[in-house]
Every structure is written in C-alpha cells, then in structure tokens.
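Computed over heavy atoms, backbone and side chain alike; hydrogens, waters and symmetry mates excluded.
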Amino acid sequence: LKELNLDDDTLVILTSDNGPWFEGSTAGLRDRKGGAGWDGGYRVPFIARHPGRIPGGLVNDSMAMNIDLLPTLAKWTGGAVPAAQLDGADITNLLTIRSAPSPHDELIFFINDEVAAVRTARYKLVVRSFYRSSLAPLDIRDDWQVLVDLQNDPAESYDVSSLHPDALADLTARLTRARTEFG
C-alpha cells in the first residue's frame, strides 16, 4: 500500500468468520467453530486500520459482529444499505471513539438457520449446543436452556438461570422474538 501511495486511503481489516476449529486457540472461551451458542465458536479478533479515520491504538470491547461491516461501510462510502432484513448496525463509533457503547442491545447467534443463543452485554441464553457430533437442543425442556453471566463467567461454565430469573425472562422473550423474526 505504501509503494502504491494508497496507505493513507485504504481501510485494512483483519478478522475471521468464526472461532477456530481444532488447530487454534479460543483463549479460554467455551467450544469452537460450529459450537452452536458458545463464544469460542463466534468471538474473533477484529483489527482495523484506516489512517485519518480510525485512531491508532484504539481498543473497544463493546459487542459487535461482522455483519455490521455492511451498514458501516455503506455509510462510509455513501452507498445504500440493501433493502433486506439485516441485524447488522453501523459501528462507526466503535471504530473511532474509545469506549463507545455498542449499537446493539442484543446479538443473535445462529447454527445454520436456527437461533442458537441470544446475548446482551452481560448475559447470554444458549439453547443449542453440540455434544460430539450431534446437535443438542437445550430448550426442549424448560429447565435445559443455559443462562450465562458473561461479566463474571466469560468461559460460560455455569448456568445462572436460578440466580437471575429476571435476566432469564428477558432473554427468553428476546429468543422468542428472534425465532419469530428470523425463523
């Protein structure tokens, strides 16, 4: 880019579509690529560089997803966002302002075409998991879904449904809405 004199004019993004398969590290997060509702299958590095637009050294840990790139880049280029059902949002503030809040109130995780989990900044309700090579629907009984407190348990090791009934009710309602909207 420097040789072509495009260094200051080019947005460079380094990321991945999913967490690692078996040859990579999830840095202590639960499960891996294809792991249904667990963060080890979804959370990935995201590094962006665009001199003059993205400040160097800025770190933001607010929740976002790669589908946010479409509305963000459409805005940056003056293009129109396609008239389609999208759950992406413009993340310009996350890329340009330190500690900017996420534009998302929730993220929806899918395994193929099924909702696998719904996440807010603090909690996640997981309703699909894998055991060996079999998809395990955790919500076939009311007491089988897993509510995790990501703030206190980023490894998603403990179900806290009984400790946080209000969060469970909130995320269950979000899950029902997501299944209706995206089903």
field: Counterpart residues, ring pair (Phe, Tyr, Trp, His ring centres under 6.0 Å), relative to Phe110 (two or more places apart)
entry: Phe182
statement: Rounding to 0.5 Å, atoms CG (Leu4) and CG (Asp7) come to a distance of 10.5 Å
task: Would you give the length of the straight line joining atom CG of Leu14 to atom CZ of Phe46, rounded to the nearest 0.5 angstrom?
output: 9.5 Å
message: Any non-hydrogen side-chain atom of Leu150 less than 4.5 Å from a side-chain atom of Asp39?
response: yes
field: Closest non-hydrogen atom pair between Leu125 and Leu171, with its separation
entry: N-CD2, 3.3 Å
message: For a quick test of reading the model, state the closest non-hydrogen atom pair linking Asn66 to Thr15 and the distance between them.
response: OD1-OG1, 3.7 Å
query: Hey, does Tyr42 have a side-chain heavy atom less than 4.5 Å from the side chain of Asp17?
result: no
- prompt: Distance-only, no hydrogens or angles: does the Lys124 side chain make a donor-acceptor pair with backbone N or O of Gly37 under 3.5 Å?
  reply: yes
message: Can you pull out every salt bridge (charged side-chain N to carboxylate O under 4.0 Å, His left out) where at least one residue sits in residues 168-177? Sequence neighbours excluded, please.
response: Asp105-Arg174, Glu106-Arg174, Glu106-Arg177, Asp170-Arg174
- prompt: Are side-chain heavy atoms of Tyr158 and Leu147 found at a separation under 4.5 Å?
  reply: no
task: Check the hydrophobic clustering (I, L, V, M, F, W, Y; side-chain heavy atoms under 4.5 Å; chains of links allowed) and say if Leu73 and Ile54 are grouped together.
output: yes
query: Are there more than 12 heavy atoms of other residues, nucleotides or ligands under 6.0 Å from atom CG of Asn152?
result: yes
query: Does the side chain of Asp9 pick up a donor-acceptor pair with the side chain of His50 at under 3.5 Å?
result: no
task: Answer yes or no: is there a side-chain heavy-atom contact under 4.5 Å between Leu11 and Trp76?
output: yes
task: Enter the distance from Leu58:CG to Leu95:CG here, rounded to the nearest 0.5 Å.
output: 8.0 Å
Residue pair Arg119 / Phe109: nearest heavy atoms and the distance that separates them: CB-CE1, 3.6 Å
query: About how many Å separate CG of Leu94 and OG of Ser62, when rounded to the nearest 0.5 Å?
result: 5.5 Å
- request: Report the C-alpha distance between Asn60 and Arg98 in whole Å, list the side-chain angles of each, state the deciding distance to 0.1 Å, and finish with yes or no for side chain to side chain contact (heavy atoms under 4.5 Å, CB included).
  value: CA-CA 6 Å; Asn60 192 317; Arg98 189 172 312 281; over 6 Å; no
Minimum heavy-atom distance between Ile91 and Ala64, given as atom pair plus value: CG2-CB, 4.2 Å
message: If I take atom CZ from residue Arg128 and atom CG from residue Asn112, how far apart are they, to the nearest 0.5 angstrom?
response: 11.0 Å
query: Considering all heavy atoms of both residues, which atom of Val127 and which atom of Val115 are nearest to each other, and what is their separation?
result: CG2-O, 3.6 Å
field: Interatomic distance, Asp166 atom CG to Leu163 atom CG [nearest 0.5 angstrom]
entry: 12.0 Å
- prompt: Are Leu69 and Met65 grouped together when hydrophobic residues (ILVMFWY) are joined by side-chain heavy atoms under 4.5 angstrom apart?
  reply: no
query: Are any non-hydrogen side-chain atoms of Val12 and Thr10 less than 4.5 angstrom apart?
result: yes
message: So which atom in Thr92 and which in Thr96 form the shortest heavy-atom distance, rounded to 0.1 Å?
response: O-OG1, 2.8 Å
task: Decide whether Ile13 and Val44 are clustered together by the hydrophobic rule: side chain heavy atoms of Ile, Leu, Val, Met, Phe, Trp, Tyr closer than 4.5 Å, transitively.
output: no
